[in-house]
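All residue numbers refer to positions in the sequence shown, counting from 1.
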Amino acid sequence: MLIFDADDTLWENNVIFERVIEEFLDWMVLPGAEGPPERAPEGADARLDRGGVRELLDSIEAVNAVTHGYGSTVFLRSLGECLARLRGRAATAEETARIAGWAAAFEADHVELIPGVPETLAELARRHELLLLTKGERAEQERKVAASGLARHFRGVHIVAEKDVTTYEELVGAYGLVPGSTWMIGNSPKSDVLPARAAGLNAVFIPNDNTWVLEHSELDPADEKVLRLAAFGELVKHF
């Protein structure tokens, strides 16, 4: 059984968030704008440069991911909270509307498949059973799965709030999987590799340059149950 992550493994995802973040940073540090001033108002966060604003946003996203989950709605909420922290006040109606306008970036009816994905999945599905395991807002993830045109390759599609050890153990139980002959394939050390390994599964790590910073984590280079590949298409050489 091969279990696949979706975002940034089958199709590009975080690059869209990064584009919005770049626009947000431009806005927050734009000279002459009401961004973080040289002397922050009382109650405001005093991080003034671009890196500081990004650091603050990352910390807010980390908290909100635990409390509210993942997806574009939570992300836009984090942008609003970051603006409020930087400005030392609640967002104005105009600022709120500007942030809400970025929702359109996540509502397209297509996804950008990563090179090699369609033909590789088609080949693998001829000789293995495949599952899809993705986390995030259900409606948002369902839209992306539908837009990808890849659902036909999978025995099951599972959308979860979080990928932790329990998630993988429940999947093993639901399908009667043998952990030693089951592989989790993805780009995230934090969500795809480490919890899968803790549940006794093997893992395939396929890095993506645009992986969300909060999904980064150190992997054990001596773990022989983690296969590291440079590109998705290399899977057919191993499975």
Side-chain angles (χ1 to χ4, degrees), residues 5-9 11-108 111-112 114 135-137 140 144 161-163 186-194 205-219 221 230:
D5 169 52
D7 292 337
D8 297 315
T9 296
W11 52 74
E12 298 289 2
N13 178 67
N14 197 55
V15 66
I16 302 172
F17 288 82
E18 289 297 329
R19 289 168 187 158
V20 172
I21 289 173
E22 286 302 307
E23 292 183 23
F24 178 75
L25 295 178
D26 289 342
W27 179 25
M28 290 296 98
V29 301
L30 184 66
E34 194 201 345
E38 292 185 2
R39 180 171 299 173
E42 184 178 355
D45 197 291
R47 295 178 175 86
L48 308 182
D49 63 7
R50 196 178 189 88
V53 175
R54 179 59 191 262
E55 181 182 351
L56 175 61
L57 176 60
D58 288 345
S59 68
I60 291 171
E61 285 196 276
V63 172
N64 281 340
V66 174
T67 307
H68 304 291
Y70 304 91
S72 61
T73 300
V74 179
F75 170 67
L76 296 177
R77 176 190 183 120
S78 295
L79 293 183
E81 291 181 11
C82 186
L83 181 147
R85 286 276 296 276
L86 291 166
R87 301 276 169 88
R89 56 164 176 74
T92 65
E94 181 179 358
E95 291 166 339
T96 299
R98 181 168 179 173
I99 291 172
W102 276 313
F106 306 97
E107 295 173 352
V111 293
E112 180 184 343
I114 288 175
K135 69 180 182 182
E137 295 178 313
E140 190 167 41
K144 287 187 282 189
E162 185 60 270
K163 288 180 182 176
N187 69 293
S188 168
K190 177 178 177 290
S191 295
D192 301 325
V193 179
L194 295 177
F205 176 48
I206 308 176
N208 184 311
D209 291 340
N210 295 307
T211 296
W212 188 24
V213 64
L214 297 186
E215 293 293 336
H216 293 183
S217 192
E218 292 297 321
L219 298 179

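Taking the salt bridge (Lys or Arg N to Asp or Glu O under 4.0 Å) definition, one finds that Glu12 meets it with nothing, sequence neighbours left out. Not a single salt bridge (Lys or Arg N to Asp or Glu O under 4.0 Å) links Asp8 to another residue, sequence neighbours left out. Residues satisfying the side chain to side chain donor-acceptor pair (under 3.5 Å) test with Glu112, not counting sequence neighbours, are none. Here Arg19 pairs with nothing under the salt bridge (Lys or Arg N to Asp or Glu O under 4.0 Å) rule; sequence neighbours left out. Legend: residues meeting side-chain contact (heavy atoms from CB on, under 4.5 Å) with Ala100, ordered by chain and number and at least two apart, are absent. Among residues two or more places apart in sequence or in another chain, the ring-ring contact (aromatic ring centres under 6.0 Å, His included) test is passed with Phe205 by none. Residues forming a side-chain contact (heavy atoms from CB on, under 4.5 Å) with Arg98 (at least two apart in sequence, or on another chain): Trp27. Under the rule for a salt bridge (Lys or Arg N to Asp or Glu O under 4.0 Å), the partners of Lys163 that lie at least two apart in sequence or sit in another chain are Asp5, Asp192. Every residue meeting the side-chain contact (heavy atoms from CB on, under 4.5 Å) condition with Glu137, not counting sequence neighbours, appears here in chain and number order: Ser72, Thr73, Glu140. For Ala62, the side-chain contact (heavy atoms from CB on, under 4.5 Å) criterion is met by Leu214, not counting sequence neighbours. Residues forming a side chain to side chain donor-acceptor pair (under 3.5 Å) with Ser191 (at least two apart in sequence, or on another chain): Lys135, Glu215.
Taken to the nearest 0.5 Å, the CD1 atom of Ile21 stands 12.0 Å off from the CD1 atom of Ile16. With rounding to the nearest 0.5 angstrom, the CD atom of Glu18 is 11.5 Å from the CG atom of Asp209. With rounding to the nearest 0.5 Å, the separation of CG in Asn187 from CG in Asp7 is 8.5 Å.
Scanning all heavy atoms of the two residues, the minimum distance from Gly69 to Val74 falls at O-CG1, 3.6 Å. In terms of heavy-atom proximity, Leu194 sits nearest to Ser217 at CD1-OG, 3.3 Å. Summarising the geometry of Gly186 relative to Thr9, their closest heavy-atom pair is CA-OG1, 3.4 Å, with the distance given to 0.1 Å. Taking every heavy atom of both residues into account, Tyr70 and Ala65 meet most closely at CE2-CB, 3.7 Å. When all heavy atoms of Phe24 and Val53 are compared, the pair lying nearest together is CE2-CG1, 4.2 Å.
A salt bridge (charged side-chain N to carboxylate O under 4.0 Å, His left out) check over residues 64-75, counting only residues at least two apart or in different chains, returns nothing.
Between Ser59 and Leu56 the shortest side-chain heavy-atom distance falls below 4.5 Å. The shortest distance between side-chain heavy atoms of Ile114 and Ile206 does not fall below 4.5 Å.
Between Arg50 and Glu22 there is a salt bridge, since at least one side-chain N of the basic residue sits less than 4.0 Å from a carboxylate O of the acidic one. Between Glu81 and Arg85, none of the side-chain N atoms (NZ, or NE/NH1/NH2) sits under 4.0 Å from a carboxylate O, so this pair counts as no salt bridge.
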_salt bridge (charged side-chain N to carboxylate O under 4.0 Å, His left out) between Glu61 and Arg54, intermediate numbers included_ = CA-CA 10 Å; Glu61 285 196 276; Arg54 179 59 191 262; 5.4 Å; no
* To do: For side-chain contact (heavy atoms from CB on, under 4.5 Å), just list the numbers for Ile60 and Val63, CA-CA rounded to whole Å, side-chain angles, deciding distance to a tenth of an Å, and then say yes or no.
  => CA-CA 5 Å; Ile60 291 171; Val63 172; 6.0 Å; no
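At least one donor-acceptor pair under 3.5 Å links the side chain of Asn14 to the backbone N or O of Asn210. Side chain of Thr211 to backbone of Ser188: no donor-acceptor contact under 3.5 angstrom is found.
Aromatic ring pairs are classed by plane angle as parallel below 30°, tilted from 30° to 60° and perpendicular above 60°; the pair Phe106 and Phe17 is tilted.
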